Amino acid sequence: MQLDLFEPVDFDYEYKVVATNKNGSAKDVLAFHNGRGSQEAIFGEAKTGAALDVVCGKRLHANQCFTLCSMLAHNLGRTLQMLDKPKSNRDDAKRPALWRFEKLETIRRHVVQRAGRLIRPQGKLTLSMSANQKVAKEFTRRLEAARNDD
């Protein structure tokens, strides 16, 4: 239960209390604390996009392994996006993320969950998919970004 500190009589303004040891002007400190929203969005995305809010079983080691795999999938998705896109020039007191990330669900739907099959023409393993120029371009762009980071 959250108690009210006071009863607002003027509803034209929003009131909040920030208790902090951060130095700076009230405006800068408030912008700093309001900027935590982008970090909270990262945690929310990790929960929904990489299943970090799931407890898969009753055994500690199984849950630890599942959580580590989820974290690895989340971090891999973010790393691939950071390789693929330049940093944003968003120098702001709210400290937003330096990249504009796609949701992992979107990447999964557009890149991973595609109909295809692995074939071996002339003994070389090849992923065969329906001809879709947009998907081919996206695959190539992401692979090139990952390859250029080596």
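The shown structure was predicted, so the numbers you read here are calculated from the model rather than taken from an experiment.
From His74, atom NE2 reaches atom OG1 of Thr79 across 9.5 Å, with rounding to the nearest 0.5 Å. Annotation: the span from Glu102 atom CD to Leu80 atom CG amounts to 11.5 Å, rounded to 0.5 Å. Note that the CG atom of Leu30 and the NZ atom of Lys22 stand 12.0 Å from one another [nearest 0.5 Å]. If you take CE on Met71 and CG on Leu52, they are separated by 7.0 Å, rounding to the nearest 0.5 Å. Here SG of Cys69 is found 12.0 Å from CG of Leu76. Values are rounded to the nearest 0.5 Å. The CD atom of Glu105 lies 7.5 Å from the CZ atom of Arg109; values are rounded to the nearest 0.5 Å.
Side-chain contacts under 4.5 Å among hydrophobic residues (ILVMFWY), followed directly or transitively, place Val55 with no other residue at all. Phe43 belongs to no hydrophobic cluster with other residues, because no ILVMFWY side-chain heavy atom falls under 4.5 Å from its own, directly or through intermediates.
Among residue pairs with one or both ends in residues 41-62, those qualifying as side chain to side chain donor-acceptor pair (under 3.5 Å) are His61-Gln64; sequence neighbours excluded.
Leu127 and Leu125 fall within a single hydrophobic cluster, where Ile, Leu, Val, Met, Phe, Trp and Tyr are joined by side-chain heavy atoms under 4.5 Å apart, directly or via other members.
Checked by atom type and distance alone, the side chain of Arg108 pairs as donor or acceptor with a backbone atom of Gly49 at under 3.5 Å. No side-chain donor-acceptor contact under 3.5 Å links Ser128 to the backbone of Thr126.
Residues Phe66 and Cys56 come closest through the heavy atom pair CB-SG, 3.6 Å. Closest non-hydrogen pair, Phe101 versus Arg78, comes out as CD1-NH1, 2.9 Å.
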